Every structure is written in structure tokens, then in C-alpha cells.
*Asks:* 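Structure provided below as C-alpha cells; questions to follow.
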Amino acid sequence: MKRMDRYDELMSLSVRKGFIWPTADLYGGFAGFYDYGHNGALMKRRLEDLWIDYFLHLGEDYYLIDTTSILPEASLKASGHVEHFTDILVTCTKCGENCRADHLLEEATKKSYEGIPPQEIDKLLAEHKIRCPKCKGAFAPSKPFHMMFPLMVGPMGKDPAYLRPETAQGVYINFKREFEALRRHLPLGLAIVGRAFRNEISPRQGTYRMREFIQAELQIFFNPKTFDSSIAFDDVQSSELLVARADKKDQGGADRATCSELVKSGLPLFYVYHLAKVQDFFLKELAVPADRFRFAELGEGERAFYNRIHFDMEVKQDSLGGFKEIGGVHYRGDHDLTGHQNTSKVSQTVTIDGETFIPHVLELSFGIDRMFWALLDAKYEKVKTEKGERYVLHLPPKIAPTQVAVLPLLGKDGLPEKAMPIYEQLAKEFKCFYDEGGSIGRRYARMDEIGTPYCVTIDHQTLQDGTVTIRERDTAAQKRPASSELGPIIGKLLSGQAKFESLP
RNA sequence: GCGGCUGUAGUCUAAUGGCAGGACUUGAGCUUCCCAAGCUCACAACGCGGGUUCGAUUCCCGCCAGCCGCACCA
């Protein structure tokens, strides 16, 4: 299927069924912003909960914290964002072309102008006689373009601040507090699931590049000399990872390499271990097909200067034209804590077993909205039937917005009266949907399309012996337990403790 | 941000300088003993603003949004 056809198909599902749509589309939309509807909000919440449950169990001292979306300028100066998250743009007075001033200077002089002060730019451009690369026109005075949204806080607006461009800084500036509160243990994991904001020049491709988006990030603080020895590497050493090294990732696919092989190739043991855990999350928890997942290594010139090692998680999405980044695993060294120590003048060193050092950071960073969309792309399937075709959203049961539907086979003969108490009972425990309108096939199809994993049907036999049918979404197979056992059965099916085919 | 294309019910689409039509969906009812069956009825749209015109969904301009290409994405 062509990319846009698939994209339109998914966006149509999203809009029709209450997953996601453009913010303020009542007013024509708002580029780079999306709202979640009732199914989308539930699914997103479940995805976040699954992420939290999985990643906080990677270590003993791993916790969720929650920090503000607005940060004072000083903290973002220390992180480098005020300086490096700004592009100096110059506009051609003749053809209107926008260019990055530092790139023009670098091209002309072959020197780096990373983070050059804006007031220097115009002078330098004039000195080197740089003109528009397209039409040779002259440039208007340069303007800084800030990827961060600036705010003026307080009644006089005198306190400069920004909407956070990433959640990570909330963790770094709270590290010392949590290190004390959690009684000076390393490794220490601190996670945030929350919103981040970037004033993208050109938001495109739906939820792929948004101006307000949700990150799930785990920052692991550790002693680089001892971290490897605390890792249970035996658990993963023979696991195969799907990896595209920097020189090969343009070819589109991925190679399989065991964790041991990757360590032999020079990657740190702790780093490979966490790659394995991240891959398990995608393949086992989210059930992304193996041929749609890979780690893509970022080479020297592609990664930020402070990232010593950087692999992105990528999921192949037909709606976006191939493998697209969902998140990254970044070994950031002591860059962040050192930066905050230098600016705040508060020591970020720790002393453990007589050794004093600044902890290193391994960052596991995920875009929730991107994962959300990738799941729709990977799981929404057109299925041919005898009479035509229908759509099934094969979401993992843990992520499905509605978990079970209760459906009387007919809207008469006392079946609704029998079904209602069953629904009320299940609704105490699960997100449960009741529907008695229209043919049973139509109601199954409706549930299939929003990914409801199980449907319970009340028929005439129920009136006689109290049994009901449970129908599984992906196979349409049915089982027939007593209605009194439904609660425990569905609970086990949803949590993965029981398999449908092994039900009696 | 630049250039090109586009914008009609929830979705997909038709036509038109003079009452905007259909299909699917949705809702109500009938029917129906397990996978979008059938019948009846109903709800529901010209992205926003301005201009030309007796009259604009249609032509023109601006804006917004989407797509493609470029640029951008520490």
C-alpha cells in the first residue's frame, strides 16, 4: 500500500473511532498539535502505565517523579538549550529564502560557529561577503529562531522561562534531592512521563513531529567503574538484537547480533544490556513484529556532541514511509550533571565507598505519541471475509482501550435482562462496553476495529445453563465458560497469565 | 519559512454562478438464534474571512489546515 493511502486509512480510523485528531479542528486545526479522544486517551494511558511498570522494574531504586513543564531560564542555560536550541536564521531580501546563518558561515570558512552570539552573526556575514546561495541576493538582519517556547513569568513578566523542550532536565535538576531521599544508592533510576514542547519549524506527518508531545524518559545514574559488574548480563548474553550499525542503516534493514557479540564489538556491557531490555519491551510487551523493529546507530556526525553512544529505536511504519525513530538510548556521560554543577555552583558529586565522582547517565528516551502511532500502524489490519472485508486492530490486550464487550445475541427473549447484570459485574473490574443494537456480526466488527480483545455473548443457552461465549478478537474463536467464572478468566487473559486457546 | 497541489456530512465521494446528491457510518424502529445481512425512517457538509455579482460552495484575494518538493529537525 502506498504511504499516503495507509496514512489516510489510519487517520480515518483515528477520527472515526475517537483515537486522535488535530487540535482545534473546529477552527481549522493547529499545525503540530493533536488531541486524544476517548479511545486514544485510554490507550495512551495504558501505554504509559505499561512503560512505567516495565522500565521501573529494571532496577531496585528506580522511581517515577513528576516535574514542571515550565523551567526558569537559568536551568536551561546550564543544560545548553538556551544556546544550542536556537538557530540564527537570515532571510534573503530578494527571494525570501531562509538560511541558517551558522551553516552559511561554516560553509564559507570551514570553521565551526556552533552557539555563536546573534550580534556577531551579521558582522561575520558581511565580513565574508556571504549572499543568498539561491539567488545571490542580500540578507536582511539575522533573527534568532528559538526551538523553545519562551514565557514571561510573574506580574511584570520579568522572570524569563521556557516550556521544557525535554523532560530529562527535570530529572537532572532533582538528582541531588532524590539521591539523598533515596539514601545514596547507585544505580539510581528516575523517570518522567510528561509533556515537552518544541517550536518545530515544519511539523509534518501527523504525530511524528509535534510541537507539544509526550515523552517517557528514564535516566539511570551510575558509577561508570562499577555499573557493569551489577548487570545481570547472563540473562541476555545470547539474546539476538536487531541492529543497523551507522554505516549500514541506510540500507533499510537490520542485522541480528547477540548481546555478547555487540559487547565484543566495543559497546559497553551495561549499554548492550539495556538495548536488550528495550527491544524486549517493543517485541514482547508491545508485540511489534520483529521485522518492523531495529536499533539504528547514530554515527559521529549525527549525534549530539555529549552523547558518547547513541542508538535510536525505530519502527517500520508504512504510513510514514519506512523505519522511523521512536526514541533513543543515549550514553550521556557526566555531561548533564557537570553542566548543572557549573551553572548552579552546587556540587553534583557523590561519595560512595570512599570514591567521589559525578555519576554518569544512561538515558532511555521514548516518544509516547510516536509509539502510539506506530502501534496503530503495526496493528491495524484489513481482513478479508466471505462477504467483504473488515478491519481489526490487533492491540496487545494490555493496551486496548476497551477490554471486554458484553453483547446479548438478540435484543429480546430476555437476553438483555440476562446480559445486564453480567455487564455490571465485569464493569467493576474492567473497561467494559455493553451493546444490544444491530446484528451480532456488526457489533463484533465494531469491537474488532477499536481493538477490544474479547467479547462476551449471552444467548439462549445462557438462559438454560448459565454459560456464555467468549470470543477472541484475533481468531474469532469462541469458548463457553460459566458466566460466574468470567471475571477471573478475563483478568488472566488480559494480564497474559492465561492463553485463550488453553481455556476449557 | 519558500514553491507547487488540495480543502463538500463522522468517513469516502458527486455535481453546480440559482433548492448541494449518493454510499458507508451513526441513531430510532422492524427483522434476525453468532461474525458489518435485509427493510423503513431520521440526523448530518461546501475550512475561515473579504471581494466581484441581483445571486458565490463554484470566480478572485488573504488566512488556516493538509499533502508533495526544498529548507529545518542541538
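In the text below, chain A, chain B and the rest are named by the order of the sequence lines, each starting its count at 1. Just so you know, these numbers come straight off a predicted model, no measurement behind them. These values consider heavy atoms only, across backbone and side chains, with no hydrogens, waters or symmetry-generated copies.
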*Asks:* Whole angstrom is fine here: how far is it from CG in A:N307 over to P in B:rA74?
*Replies:* 11 Å
*Asks:* Using a cut-off of 4.0 Å on non-hydrogen atoms, how would the nucleic acid contact of A:R204 be classed: base, sugar-phosphate, or nothing?
*Replies:* base
*Asks:* Are the side chain of A:T338 and the backbone N or O of A:H335 linked by a donor-acceptor pair below 3.5 Å?
*Replies:* no
*Asks:* Quote, to the nearest angstrom, the P distance that separates B:rG22 from B:rC64.
*Replies:* 36 Å
*Asks:* Donor-acceptor check, side chain of A:D377 to backbone of A:D318, threshold 3.5 angstrom: yes or no?
*Replies:* yes
*Asks:* Taking only the C1' atom of each, what is the distance from B:rG1 to B:rG55 in whole angstrom?
*Replies:* 39 Å
*Asks:* Rounding to an integer number of Å, can you tell me how far A:F19 CZ sits from B:rG10 C1'?
*Replies:* 15 Å
*Asks:* Of the listed nucleotides (B:rU11, B:rC68, B:rA74), which one gets closest to any side-chain atom of A:S12?
*Replies:* B:rU11
*Asks:* Under 4.0 Å, counting only non-hydrogen atoms across every strand here, what does A:R3 touch: a base, just sugar-phosphate, or nothing?
*Replies:* sugar-phosphate
*Asks:* Distance check, C1' atoms only: B:rG18 and B:rC46, in whole angstrom units.
*Replies:* 16 Å
*Asks:* With a 4.0 Å cut-off, would you call A:D8 and A:R3 a salt bridge?
*Replies:* no
*Asks:* Write down the distance separating the C1' atoms in B:rA20 and B:rA15, rounded off to the nearest Å.
*Replies:* 8 Å
*Asks:* Provide the Watson-Crick or G-U wobble partner of B:rG62, both distances under 3.5 Å; none if there is no partner.
*Replies:* B:rC48
*Asks:* Of the nucleotides B:rG10, B:rC68, B:rA65, which has the atom closest to the A:A31 side chain?
*Replies:* B:rA65
*Asks:* C1' atom, B:rG62 versus B:rG7: distance in rounded Å?
*Replies:* 16 Å
*Asks:* May I have the distance from A:L320 (atom CG) to B:rG66 (atom C1'), rounded to whole angstrom?
*Replies:* 15 Å
*Asks:* Donor-acceptor pair, distance only, cut-off 3.5 Å: does the side chain of A:S75 make one with the backbone of A:P72?
*Replies:* yes
*Asks:* Once you apply the 3.5 Å cut-off to both distances, tell me the Watson-Crick or G-U wobble partner of B:rA42, or none.
*Replies:* B:rU26
*Asks:* Please state how far atom CZ in A:F30 lies from atom P in B:rA65, giving the value in whole angstrom units.
*Replies:* 8 Å
*Asks:* Between A:I201 and A:Q205, which is nearer to the 5' end of RNA chain B once each is assigned its nearest nucleotide?
*Replies:* A:Q205
*Asks:* Please find the pair of heavy atoms, one from A:Y331 and one from A:H360, that lie closest to each other, and give the distance.
*Replies:* OH-ND1, 2.6 Å
*Asks:* Expressed as a whole number of Å, how far does the P atom of B:rG47 sit from that of B:rU11?
*Replies:* 13 Å
*Asks:* Using whole Å, report how far CD of A:E9 lies from P of B:rG10.
*Replies:* 21 Å
*Asks:* Given that A:E449 and A:V15 both sit by RNA chain B, which one's nearest nucleotide is further toward the 5' end?
*Replies:* A:V15
*Asks:* Can you check each nucleotide of nucleotides 25-35 of chain B against protein heavy atoms at under 4.0 Å and return B for base, S for sugar-phosphate only, - for none, in 5' to 3' order?
*Replies:* SSS----BBBB
*Asks:* Per the salt bridge (Lys or Arg N to Asp or Glu O under 4.0 Å) rule, which among A:R390, A:K17, A:R473 passes with A:D448?
*Replies:* A:R390
*Asks:* Any idea which heavy atoms bring A:M313 and A:F295 closest together, and the distance?
*Replies:* CG-CE2, 3.6 Å
*Asks:* Apply the test salt bridge (charged side-chain N to carboxylate O under 4.0 Å, His left out) to residues A:E212 and A:R195: give CA-CA distance (whole Å), side-chain angles for both, the deciding distance (0.1 Å), then the verdict.
*Replies:* CA-CA 7 Å; A:E212 174 172 347; A:R195 291 179 185 275; 3.0 Å; yes
*Asks:* Scan A:E297, A:K249, A:H310 and name whichever one has a side chain to side chain contact (heavy atoms under 4.5 Å, CB included) with A:E302.
*Replies:* A:K249
*Asks:* Once you round it to whole Å, what is the distance between P of B:rG66 and CD1 of A:I20?
*Replies:* 13 Å
*Asks:* Applying the Watson-Crick and G-U wobble criteria at under 3.5 Å, what pairs with B:rG69? Answer none if nothing qualifies.
*Replies:* B:rC2
*Asks:* Sticking with atom C1', work out how far B:rU57 lies from B:rA42, rounded to a whole angstrom.
*Replies:* 25 Å
*Asks:* To the nearest Å, how far apart are A:H330 NE2 and B:rA74 C1'?
*Replies:* 12 Å
*Asks:* Which base, if any, makes a Watson-Crick or G-U wobble pair with B:rG18, both distances under 3.5 Å?
*Replies:* B:rC54
*Asks:* Once you round it to whole Å, what is the distance between P of B:rC72 and OH of A:Y208?
*Replies:* 16 Å
*Asks:* In whole Å, measure the gap between the C1' atoms of B:rA71 and B:rC48 for me.
*Replies:* 28 Å
*Asks:* Return the nucleotide paired to B:rC35: Watson-Crick means purine N1 to pyrimidine N3 with N6-O4 or O6-N4, wobble means G-U with N1-O2 and O6-N3, both under 3.5 Å.
*Replies:* none
